[in-house]
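Can you read through this structure? Questions will come right after.
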Amino acid sequence: MRLELRFTYSSELRQRCVPSLGGQATSLPPPLFPPWDLRPLRTRKGLTSLNIDRTYGNFPVREEDHRRRTSTVGMELSGEIAADINWSAFAQYGRVKDHAIQGNVPWKSHWLAARDVITGPNGTPVCRSEAARAEGCVPLNIFSQIPASEALKNYVMSDRDEYRTTTQQLFGAEIHGSAFQLPAGKIGYAFGVEYRKDTLKNEDDPMALSGELVYGGGPGARSELDVSASVKEVFTEVLVPVLADAPFARRVNLELAYRYSDYNTVGGTNAWKAGLIWEPLQGFSMRGVQSRSVRTPNFGELYEPVFTNTTLGSITDPCMVASYYATAERAANCAALGVPAPGIVDPKVGPHVTTGGNPELGPETSDSLTIGFVWQPSFLPNFDLTVDYWDIDIEDVIYQLSYTQVLNLCVDMPSIDNQYCAAQGRNLTPNVPTSQHGILMPAGAALWVKAQQANISRLYANGVDVSLSYRIDVGPGRLGFRLAGTRLIEDVLETTPGVAAGDQRRDGAYTNPKTRATLTTTYDVGNFGMALSSRYWGKGLGNVLAMSGEQYQDNTVPSVTYHDLSARYTFGGHTVNFAVNNLFDKFPPQMGFGEPGIYFGGQVYDLVGRNYNVGWTYRF
């Protein structure tokens, strides 16, 4: 937990803790508040306050617990209309109720009251506020590394309770069959209609809504939502056998599909697919698919609360001294924004950053191409190899840029006449205190940035997927191997069409490495089975957008391989599972481009270490 504090000595505390210049202290002050060696420094420098930036490792870490109840009920009917013509219809309803509990969240007003301490009776520290003392306020020593007492934790921390209920209703009907005999076979077809309605109701903790458990540097705000979205769809699919049992054409099939969707949020959309399968030789086939897909914005992207937060501590600004002259364009644009050369000295307080959802979002549209082959040789039973090249190009990507990306894009364009400079404001009157923290802001310092969800221009990526599997009888059971891996060629977010400076490269980052693969080894004997999964995550760069190799002493993050072992046993409808994840207790890599000894990247690496789980399922 990390909070930035502004600690001001009270006059009462100075009288008790600082001996007068003309006398001698008869006893040492209490070991709390503040450390003895700070007092002569304060007196020598004439300081009345100090800014303290503190990480509280002696307090419990924040926790999150989810208690979910899921229920689904459905029905399907089917029948025959005529020879080779069948029908089916279905209905389904599902509901998920989630009670989300965030534990050990600092209680804002109590935390502020507990750290505002004066000397009380008998020289003991007490909370300054009489009202807080009446509520049981326990003084907080911001200098102490001693684990917090139960009384202190009970006063300055609380739990946040959220209740989310989501439902989904599905209805659909379809007619499918075959008709129109061709030399290679009959044409297969299907057409139908579907309807879907999703709802979300989110009820947040009253203390979070009041701001007591939601604030800058703390948990994020949530919207009180009671919303729904629905879509009506019609679709058709056709399979055309073009050739069969011909020389170098054992099978050639054409697949076509089309779907029209009418959303109550974004209106009508079109999706389609055209694919070709060619099997020139037995056991070897080639395939290609070109498709158009659509994704509409979800509830969070549409209705996430608009929230303004002030960035505290050291910030990243392209117009600061260390980055001002990274490029000629940047220096010229920083100057045009009113930032004098050689740049800003870090003011230790950043801009007011506005983030959140956007109800004006439109859908994303994706054009995808996949070309590959499948090899299943007759001389090696139970072996298959699949290789696919894929290329995905998404227009109108829904994305939320970070405030640093907005700042960088503004000054790295050919001029400041762009949408990103319009989404920020800088201090044109130097040495004016900010409205919230009273800190003097230098000329040109960023004061505010808008970074809400938006339909960013384009995201394109391509690469190669490889999948290999083999099964063989060994002893009383069967041994299996499956290797699945991806080689990423490029992955780029294009924020401004036609302007290369706006491209945000993502391939090669430690969160998106060039190479990743999983090898799964299984052995099954009757009702018993074991599996060893080895996950390889390739090396990458800590900051893939670094301006030069000299920006970091070491910008690389090494590769990591995790091993997970699991076993299962099935009997009479029961299945018992046991798993050991991160079998060899592999540590996450230390990030050489950051602080030495610091581990992070929990969305990629295992920060827990070796862990165990047991599961039981029963089917009836």
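Only this structure's heavy atoms are used, side chains among them; waters, hydrogens and symmetry mates stay out.
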Q. Going by heavy atoms in the side chains, are Leu200 and Asp198 under 4.5 Å from each other?
A. no
query: Does the pair His99 and Asp161 meet the rule for a side-chain hydrogen bond (donor to acceptor under 3.5 Å, both in side chains), with working shown?
result: CA-CA 7 Å; His99 177 195; Asp161 294 274; 2.8 Å; yes
Give a yes or no on whether the backbone of Asn298 and the side-chain of Glu301 come within a donor-acceptor separation of less than 3.5 Å.
yes
Sorted by chain and residue number, the ring-ring contact (aromatic ring centres under 6.0 Å, His included) partners of Tyr569 (sequence neighbours excluded) come out as Phe571
Open item on the list: Pair Gln452, Thr354 - check side-chain contact (heavy atoms from CB on, under 4.5 Å), show working.
Closed with: CA-CA 7 Å; Gln452 291 175 251; Thr354 301; 4.2 Å; yes
d(Tyr470 OH, Leu483 CG) to nearest 0.5 Å is 15.5 Å
Requested in this report: Report the C-alpha separation of Arg610 and Val580 in whole Å, then their side-chain angles, then the decisive distance to 0.1 Å, and conclude whether the side-chain contact (heavy atoms from CB on, under 4.5 Å) test is met.
Outcome: CA-CA 7 Å; Arg610 186 187 297 114; Val580 183; 3.8 Å; yes
- [ ] State, yes or no, whether a side-chain contact exists between Val214 and Phe307 at a heavy-atom distance under 4.5 Å.
- [x] yes
Close side-chain approach of Leu459 and Arg506, heavy atoms under 4.5 Å
yes
Contacts satisfying side chain to side chain donor-acceptor pair (under 3.5 Å) that involve residues 240-257 (not counting sequence neighbours) are Arg251-Glu279
**OP:** Could you walk me through whether Asp564 and Arg535 pass the salt bridge (Lys or Arg N to Asp or Glu O under 4.0 Å) test, one step at a time?
**Re:** CA-CA 8 Å; Asp564 304 324; Arg535 297 174 287 122; 3.0 Å; yes
Next item on the list: Report yes if some heavy atom in the side chain of Leu401 is under 4.5 Å from a heavy atom in the side chain of Tyr420; otherwise report no.
Entry: yes
Go through it in stages, so that I can follow the logic: the residues are Glu395 and Thr365, the test is side-chain hydrogen bond (donor to acceptor under 3.5 Å, both in side chains), and I'd like the CA-CA distance, side-chain angles, deciding distance and then a yes or no. CA-CA 5 Å; Glu395 299 285 344; Thr365 57; over 6 Å; no
### Message
Quick one, Asp507 with Lys514, criterion salt bridge (Lys or Arg N to Asp or Glu O under 4.0 Å). Give me CA distance, side-chain angles, the key distance, then yes/no.
### Response
CA-CA 6 Å; Asp507 56 276; Lys514 289 284 191 177; 3.0 Å; yes
- Query: Would a 4.5 Å heavy-atom cut-off, applied to side chains only, mark Tyr460 and Ile392 as touching?
  - Reply: no
inquiry  = Please determine whether a side-chain nitrogen of the Lys or Arg among Arg222 and Asp204 lies less than 4.0 Å from a carboxylate oxygen of the Asp or Glu.
reply    = no
- Spell out, as yes or no, whether a donor-acceptor pair under 3.5 Å connects the side chain of Asp393 to the backbone of Asp391. no
> Under a 4.5 Å cut-off applied to non-hydrogen side-chain atoms, are Glu162 and Asn202 in contact?
Replying inline: yes
May I have the step-by-step check of side-chain contact (heavy atoms from CB on, under 4.5 Å) for Thr561 and Trp537, ending in yes or no? CA-CA 6 Å; Thr561 302; Trp537 192 266; over 6 Å; no
Residues 377-388 vs side chain to side chain donor-acceptor pair (under 3.5 Å), sequence neighbours excluded, gives Arg287-Asp388, Asp384-Ser469
Checking Thr495 side chain against Gly502 main chain: does a donor-acceptor pair fall under 3.5 Å? yes
**Item:** Test side-chain contact (heavy atoms from CB on, under 4.5 Å) applied to Arg259 and Val234, step by step
**Value:** CA-CA 6 Å; Arg259 181 177 292 259; Val234 295; over 6 Å; no
Query raised in the report: Checking ring pair (Phe, Tyr, Trp, His ring centres under 6.0 Å) for the pair Phe235/Tyr258: CA distance, chi angles, key distance, verdict?
Result: CA-CA 6 Å; Phe235 66 89; Tyr258 173 78; over 10 Å; no
dist Ser228:OG -> Asn264:CG (nearest 0.5 Å) comes out at 6.5 Å
* With the side chain counted from C-beta on, respond yes when Gln504 and Gln405 share a heavy-atom pair under 4.5 Å apart, and no when they do not. => yes
Residue pairs meeting salt bridge (Lys or Arg N to Asp or Glu O under 4.0 Å), one or both in residues 565-578, sequence neighbours left out, come to Asp524-Arg568
With Leu468 as partner, the option from Val387, Leu385, Leu519 fulfilling side chain to side chain contact (heavy atoms under 4.5 Å, CB included) is Leu385
Interatomic distance, OH@Tyr523 vs CZ@Phe528, rounded to 0.5 Å, equals 10.5 Å
In this structure, CD of Glu364 is separated from CZ of Arg295 (nearest 0.5 Å) by 4.0 Å
#### Entry: Side-chain donor or acceptor of Asn455 paired with backbone N/O of Asp396 under 3.5 Å
yes
* Where do Asn462 and Glu490 land on the side-chain hydrogen bond (donor to acceptor under 3.5 Å, both in side chains) test, with the steps shown first? -> CA-CA 6 Å; Asn462 52 67; Glu490 62 178 349; 2.8 Å; yes
Check your understanding: Using 4.0 Å as the upper bound for N to carboxylate O, is an ion pair formed by Arg160 and Asp205?
Key -> no
d(Ile456 CD1, Glu494 CD) to nearest 0.5 Å is 11.5 Å
Q: Kindly indicate whether the side chain of Ile85, heavy atoms from C-beta on, has any atom under 4.5 Å from the side chain of Tyr189.
A: yes
Would Arg292 and Ser366 count as a side-chain hydrogen bond (donor to acceptor under 3.5 Å, both in side chains) if you check the C-alpha gap in whole Å, the side-chain angles of each, and the deciding distance to 0.1 Å?
CA-CA 6 Å; Arg292 161 70 60 89; Ser366 169; over 6 Å; no
For residues 79-97, the side chain to side chain donor-acceptor pair (under 3.5 Å) pairs (sequence neighbours left out) are Asp84-Lys186
Those residues at least two apart in sequence (or on a different chain) that pass ring-ring contact (aromatic ring centres under 6.0 Å, His included) with Tyr618 are His574, Phe620
Within 6.0 angstrom of Lys273 NZ, more than 12 heavy atoms from elsewhere
no
dist His66:NE2 -> Gln102:CD (nearest 0.5 Å) comes out at 8.0 Å
